Amino acid sequence: MRTLSTVLAAYLVAPLVAQTPFHCGNDELHRVGAPVVREADFPQRVANATETLEDFTRSFNEMDVRGGSGGYVIPVVFHIIHNNGPENITDAQVYDAMRVLNNDFNQLNADWDNVRPEFLDIVANVGIEFRLATRDPQGNCTNGITRTVSPLTNEGAEEMKALISWPRNKYMQVWVAASADGAAGYTFRPGSAQFFPEEDGIVVQHIYLGTVGTGSPSRSRTLTHEVGHWLNLAHTWGNSNNPGLDENCFEDDGVGDTPLTKGWTTCTLNGSSCGSDLDNVENYMEYSYCSKMFTEGQKVRMIAALNNSTAQRNQLWQESNLTATGVNGNATLCAASFISNTREICAGGTVVFTDQSYHNITSRTWSFPGGEPSTSSEPVAVVTYPTGGTYSASLTVSDGAGSLSTTQQDIVVVLSNPGTAPPVTEGFESANQPDDIGWTVVNNDGDNGFGITSTAAYSGTKSLRLVNAASMAGRLDQIVSPTYDMSQATDIVLSFRYAYARRNSTNADQLRVFVSANCGENWSLRSQLFATSDLNTGGIVAGTFVPSTPAQWGYEEVTTIGSSFHVSDMRIRFDFFSDGGNNLYLDDINLNGTTVGLEEFTSYSTEQMRVVPNPASAQADLLLQQERSGRVAIDLLDVTGRLVDAVFSGDLSVGEHRIAVPVIGKPSGVYLVRTTSENGPTGTVRLVVE
């Protein structure tokens, strides 16, 4: 008799998304963390508990037990274990999964009457209703959905379940994760679950839950399949987890009206095996990809499990527990709550607010300062924000008897459009945190993120730092600028200083620079620096890397930002992909939009007019090759075209001339050296001052 059940996927559209089935039996007990499974007599104890339940099931008569039939209600809690990835599914996806589950168990699924005619008479209305809990184990208000952030979502095993577990005699627990320990979902049948209550429940990979969000109709019956196991159903081919084997003909699922079968992994509606006239290929406990029914015999077996004390299933539907878990139909208003689809937009953009208050909301009043509209009474409100700033939102809800209110401060950041006009020089000197100056830190993994530090700087006393640890290998961190008005620019130049070291010779961290022409809705890659080459300025440092000299800083200039980015809401984003190297520092981020009329190299060639050295800090010279003698004026301009210094004015003969350009005392940034000749070429050349 099988004691531990796992499932591949009960419903798949194609083998492309299939996963390999797991073998069952004692080999599955590695999923259990409870020490009891390693005790020598554990297999016998499971066998005894299972046989006791089998004896009860064989003689079960619901009329004798309850004096009536039907009307079973099971409280349910979903534990969403996530690491801020797509596995953090929406409440709507959970609600949809509950809809599918209840339809399947109450013969309300639209496809039940499409089963083969030979089985229509035994399609069962199981008569079990599953309801999300409205009270937690302490009696506090809940919507039946918990959320826990943990990288263990990628494991989906016993350590993950240990993060949060509610009493199994009060709730059917469903853990939703990025991984279900290698399966689509798994659970324990009562005979095994009897001995480890904290781990009793169902684990489901998020893509196999519901029909919306990350789920899909083709995979949505996985939870139905797993609940069948949880209520003591075997697969239709018996106590094996491997369909299609000849030896399955000698197994039995303990149900009289399901024909003996080898089991199916395709929807072969005329399938016949093990001597039967026709297999029940469309059964929920198959792997056939077209499941749509339980049989009357399976119904009796599940109801028997609910009326037996094995694994405490018989305590769940008692009236006292329905009251304690708040699923007796008398839930009252206990929480005002709402979410928004985004927390950052550009001026003129919209935010969608969704009411998630519970329970039994009859009316609501929204307040959106700075938004249009400023009030609403709808469950979902779409609000436009015309002006830059940071705004709060409030919601008051009522169930007709009482009301509750909630306010989320600073829930919407509206970026200016147009943004800051160039030139822009950001050295982070005026801020303690990036958001003090409008920069947004994106740290999805919740570990180290970009921050401002006074530990090191190329100029001034502060810089932007990402503390990069070996444990961050494979993770992405981002920092995003505010908006810049580049609508009047004819040329865009982005430059910055950086410092980085490797921890060992194998580190392959990457820094990437993106720009956006629509306030961050879409991004284009414009520069990449690699630890294996140009990003590494500090060598190999086993300890904490802190750049101590200017020589440990690199300089990057990005000139591949074309005319499509000459917009009023351009943004910059730095992405750092960690490969376990050392710390990264950024400083002196400069963005310059050359104004109309300042065209670089309009007449002079690069051999005729250049500045050396470039970048320069103490001394710079203009090398100018004159083909005609005559009067020449040389000026130093900022990027907006304003005169900074009149460098030279006078007659120059034919030949090469070296003219000093004053840079000492000039602020760091990009300048233009302009040459105007009355008898020859004219032009400008860019000069970077460090």
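Since this is a predicted model, take the numbers as computed values, not measurements.
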Check this for me: does any side-chain nitrogen of one of [X] and [Y] sit under 4.0 Å from a carboxylate oxygen of the other?
| X | Y | result |
| --- | --- | --- |
| Asp491 | Arg686 | yes |
| Lys666 | Asp645 | yes |
| Arg475 | Asp477 | no |

Result of checking Asp96, Ile339, Asn143, Thr354 against Asp91 for side-chain contact (heavy atoms from CB on, under 4.5 Å):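 Answer to the side-chain contact (heavy atoms from CB on, under 4.5 Å) test with Asp91 among Asp96, Ile339, Asn143, Thr354: Asn143.
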Any luck finding a side-chain donor-acceptor pair between [X] and [Y] under 3.5 Å?
| X | Y | value |
| --- | --- | --- |
| Thr362 | Asp399 | no |
| Ser218 | Ser216 | yes |
| Glu429 | Thr461 | yes |
| Asn417 | Ser568 | yes |
| Asn536 | Tyr500 | no |
| Arg502 | Asn582 | no |
| Thr153 | His82 | no |
| Asn518 | Asn522 | yes |
| His566 | Ser487 | no |
| Tyr555 | Glu557 | yes |
| Glu556 | Ser527 | yes |
| Thr440 | Glu344 | yes |
| Asp509 | Asn468 | yes |
| Thr407 | Ser394 | yes |
| Ser668 | Asp588 | no |
| Ser403 | Ser398 | no |
| Gln173 | Ser165 | yes |
| Asn590 | Thr425 | yes |

Return the [atom1] to [atom2] distance between [X] and [Y], rounded to the nearest 0.5 Å.
| X | Y | atom1 | atom2 | value |
| --- | --- | --- | --- | --- |
| Asn448 | Leu584 | CG | CG | 12.5 Å |
| Thr560 | Arg526 | OG1 | CZ | 5.5 Å |
| Thr390 | Tyr385 | OG1 | OH | 11.0 Å |
| Arg674 | Leu637 | CZ | CG | 4.5 Å |
| Thr537 | Gln552 | OG1 | CD | 6.5 Å |
| Ile164 | His79 | CD1 | NE2 | 5.0 Å |

Donor-acceptor pair, side chain of [X] and main chain of [Y], under 3.5 angstrom:
| X | Y | value |
| --- | --- | --- |
| His359 | Thr142 | yes |
| Asn83 | Gly85 | no |
| Gln93 | Ile207 | no |
| Lys462 | Ala431 | yes |
| Glu426 | Phe428 | yes |
| Asp436 | Gln433 | yes |
| Arg465 | Tyr585 | no |

Could you tell me which non-hydrogen atom of [X] sits nearest to which non-hydrogen atom of [Y], and how far apart they are?
| X | Y | value |
| --- | --- | --- |
| Asp355 | Ser337 | OD1-O, 3.2 Å |
| Val149 | Asn84 | CG1-ND2, 4.0 Å |
| Thr146 | Trp166 | CG2-CZ2, 3.6 Å |
| Ser430 | Ile437 | OG-CG2, 3.7 Å |
| Ser220 | Pro217 | OG-O, 2.9 Å |
| Val567 | Ala517 | CG2-O, 3.5 Å |

Leu535 vs Phe576, side-chain contact (heavy atoms from CB on, under 4.5 Å): CA-CA, chis, key distance, verdict: CA-CA 11 Å; Leu535 181 61; Phe576 185 77; 4.2 Å; yes
Centroid-centroid under 6.0 Å between Phe368 and Trp366 rings: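 Yes.
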side-chain contact (heavy atoms from CB on, under 4.5 Å) assessment of Ile89 paired with Leu209: CA-CA 9 Å; Ile89 62 174; Leu209 196 72; 3.6 Å; yes
Pairwise side-chain contact, Ser516 with Met570, heavy-atom cut-off 4.5 Å (strictly under):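 Not in contact.
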Residue pair Ser459 / Asp587, side-chain heavy-atom distance below 4.5 Å: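 Of all side-chain heavy-atom pairs linking Asp587 with Ser459, at least one is under 4.5 Å.
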Ser179 vs Glu155, side chain to side chain donor-acceptor pair (under 3.5 Å): CA-CA, chis, key distance, verdict: CA-CA 6 Å; Ser179 170; Glu155 304 297 330; over 6 Å; no
Passing candidate, ring pair (Phe, Tyr, Trp, His ring centres under 6.0 Å) with Phe574, options Phe450, Phe496, Phe514: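 Among Phe450, Phe496, Phe514, the one meeting ring pair (Phe, Tyr, Trp, His ring centres under 6.0 Å) with Phe574 is Phe496.
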Verdict with reasoning, Trp439 to Ile589, per side-chain contact (heavy atoms from CB on, under 4.5 Å): CA-CA 12 Å; Trp439 287 71; Ile589 299 172; 3.9 Å; yes
Enclosure of Gln528 CD (heavy-atom neighbours >12, cutoff 6.0 Å):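 It does: Gln528 CD has more than 12 such atoms within range.
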Test salt bridge (Lys or Arg N to Asp or Glu O under 4.0 Å) applied to Asp575 and Arg573, step by step: CA-CA 6 Å; Asp575 285 14; Arg573 191 183 82 206; 2.7 Å; yes
Steps toward side-chain contact (heavy atoms from CB on, under 4.5 Å) verdict (Ser150, Met160): CA-CA 8 Å; Ser150 173; Met160 183 198 74; 6.0 Å; no
NZ or CZ of Arg512 within 45° of Phe577 ring axis and under 6.0 Å: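 Satisfied, under 6.0 Å and within 45°.
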